[in-house]
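What follows is one structure encoded as structure tokens, with my remarks underneath.
Keep in mind the model is a prediction, meaning the values are calculated, not measured.
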Amino acid sequence: MLEHHEQVILLDEHFHQSGTMDKAVVHTSQTPLHLAFSCYVFNREGQLLITRRALSKTAWPGVWSNSFCGHPQPGENQSDAIMRRAAFELGLSISPPELVVPRFQYCVTDASGVMENEFCPIYVARSDAQPQPNPLEVMEYAWVGIEQVIDAISAVPQVFSPWMALQLQQPELLKKIGALA
């Protein structure tokens, strides 16, 4: 299952939509600010689903990250985009996503020079299904305790996506995770 002609929604400095760009060409050394989302999926035991990005990914190939990320399409609401991306990346049905951190922005550049520059609200969802990863997106996954994740990021930060490390410093997200774990 491939997602063809996926677009990203470009944003101006006030976070208003300013156009669209083909996802295949947006991530460069000069990536424009665009709209995204991150989702953290928990099971009934309170474990977090973390995923290892496929080696074919443009940015941060092979690193461990939050459950999944993505970009809403023009005219698509965030909740629908999150459910679509969970199915596409992980073959996973999730509960309706809950917005936890509405205003999260980051700009980081990986070792190859690819920049991520995103306004990226953070969501949480639940699922007790086992992922069926799309190998073009995810090479491995694990259900882990949040303490293990935070300890591992502290010990070997280069193994994890920088956005996940930054997101796990957000008090609202940590509070929500504490309630789920």
Side-chain angles (χ1 to χ4, degrees), residues 3-42 48-51 53 57-61 63-90 92 94-126 137-138 146 149-150 153 157 160-180:
E3 291 192 343
H4 294 290
H5 307 297
E6 202 174 344
Q7 299 286 301
V8 297
I9 299 169
L10 302 178
L11 302 174
D12 66 19
E13 65 275 9
H14 304 291
F15 309 111
H16 298 118
Q17 293 186 21
S18 62
T20 61
M21 185 178 274
D22 192 309
K23 180 184 170 191
V25 299
V26 76
H27 296 102
T28 67
S29 62
Q30 299 295 315
T31 302
L33 180 63
H34 60 278
L35 183 60
F37 58 79
S38 281
C39 189
Y40 288 74
V41 177
F42 293 86
L48 170 63
L49 174 63
I50 60 171
T51 57
R53 295 168 61 83
K57 297 291 278 183
T58 301
W60 283 273
V63 302
W64 286 92
S65 195
N66 57 294
S67 306
F68 63 94
C69 300
H71 305 90
Q73 296 303 286
E76 181 181 40
N77 74 45
Q78 285 279 48
S79 184
D80 290 344
I82 292 164
M83 308 273 284
R84 172 182 54 81
R85 199 69 197 170
F88 176 73
E89 281 196 33
L90 296 166
L92 198 61
I94 59 172
S95 66
E98 178 186 345
L99 177 60
V100 179
V101 183
R103 297 185 62 81
F104 177 78
Q105 180 184 4
Y106 71 99
C107 184
V108 291
T109 302
D110 81 358
S112 73
V114 175
M115 175 194 286
E116 280 285 9
N117 185 11
E118 296 184 334
F119 182 81
C120 185
I122 305 168
Y123 293 79
V124 298
R126 288 195 174 273
E137 298 289 333
V138 173
I146 191 62
V149 174
I150 291 171
I153 290 171
F160 295 90
S161 69
W163 58 88
M164 181 178 170
L166 292 167
Q167 289 169 350
L168 287 174
Q169 296 172 18
Q170 301 299 303
E172 309 98 319
L173 181 59
L174 292 173
K175 182 178 177 185
K176 181 63 179 181
I177 289 171
L180 292 172

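Leu90 has its side chain within reach of Thr51: a pair of non-hydrogen atoms, C-beta onward, lies under 4.5 Å apart. Between Val63 and Asp110 the shortest side-chain heavy-atom distance does not fall below 4.5 Å. Two residues are said to be in side-chain contact when any heavy atoms from C-beta on lie closer than 4.5 Å; Phe37 and Phe119 fail this criterion. In this structure the side chain of Leu35 never reaches within 4.5 angstrom of the side chain of Leu10, judged on heavy atoms. Within the 4.5 Å cutoff, the side chain of Val149 has heavy atoms near those of the Leu168 side chain. You'll find the side chain of Gln167 reaches within 4.5 Å of the side chain of Cys120, heavy atoms only.
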message: I'd like to know whether Glu6 forms a side-chain contact (heavy atoms from CB on, under 4.5 Å) with Gln73, so could you lay out the CA-CA distance, the side-chain angles of the two residues, the decisive distance to 0.1 Å, and finally the verdict.
response: CA-CA 7 Å; Glu6 202 174 344; Gln73 296 303 286; 3.0 Å; yes
task: Dump the intermediate steps for side-chain contact (heavy atoms from CB on, under 4.5 Å) on Ile150 and Leu174, then the final yes or no.
output: CA-CA 11 Å; Ile150 291 171; Leu174 292 173; 4.1 Å; yes
field: Intermediate values then yes/no, side-chain contact (heavy atoms from CB on, under 4.5 Å), Leu48 and Tyr40
entry: CA-CA 7 Å; Leu48 170 63; Tyr40 288 74; 3.7 Å; yes
- request: Apply the test side-chain contact (heavy atoms from CB on, under 4.5 Å) to residues Val124 and Val41: give CA-CA distance (whole Å), side-chain angles for both, the deciding distance (0.1 Å), then the verdict.
  value: CA-CA 6 Å; Val124 298; Val41 177; over 6 Å; no
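The minimum heavy-atom distance between Ser95 and Met83, with the atom names listed, is O-SD, 3.9 Å. Scanning both residues, Ser38 and Cys69, for their nearest heavy atoms gives OG-SG, 3.3 Å. Contact detail for His71 and Gln7: the closest heavy-atom pair is CB-O, 4.3 Å. In terms of heavy atoms, Ser65 sits closest to Ser161 at OG-OG, 2.7 Å.
At distances below 3.5 Å, not a single donor-acceptor pair connects side-chain atoms of Ser67 with backbone N or O atoms of Ile50. Here the side chain of Asn117 pairs a donor or acceptor atom with the backbone of Thr31 at under 3.5 angstrom. A donor-acceptor pair under 3.5 Å is formed between the side chain of Asn66 and the backbone N or O of Cys39. Of the possible polar contacts, one joining the Arg53 side chain to the Ala59 backbone as a donor-acceptor pair under 3.5 Å is found.
To the nearest 0.5 Å, the span separating CD1 on Ile122 from CG on Leu173 amounts to 5.5 Å. Taking OH of Tyr123 as the reference point, atom CD1 of Ile94 lies at 11.0 Å (rounded to 0.5 Å). A distance of 10.5 Å separates CZ of Arg85 from CD of Glu76, quoted to the nearest 0.5 Å.
Asn77 and Ser79 form no side-chain donor-acceptor contact under 3.5 Å, judged by distance and modelled atom types alone.
Looking at residues two or more places apart in sequence or on another chain, you find no side-chain contact (heavy atoms from CB on, under 4.5 Å) involving Ser29. In terms of the ring-ring contact (aromatic ring centres under 6.0 Å, His included) criterion, residue partners of Trp60 (sequence neighbours excluded) are, by chain and number, Trp163.
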Donor-acceptor contacts under 3.5 Å from residues 96-109 side chains, at least two apart:
| from | atom 1 | to | atom 2 | distance (Å) |
| --- | --- | --- | --- | --- |
| Glu98 | OE1 | Lys176 | NZ | 2.9 |
| Glu98 | OE2 | Lys176 | NZ | 3.2 |
| Tyr106 | OH | Glu118 | OE1 | 2.6 |

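Using a 30° and 60° split on the angle between ring planes, His27 and His34 fall in the perpendicular class, above 60°.
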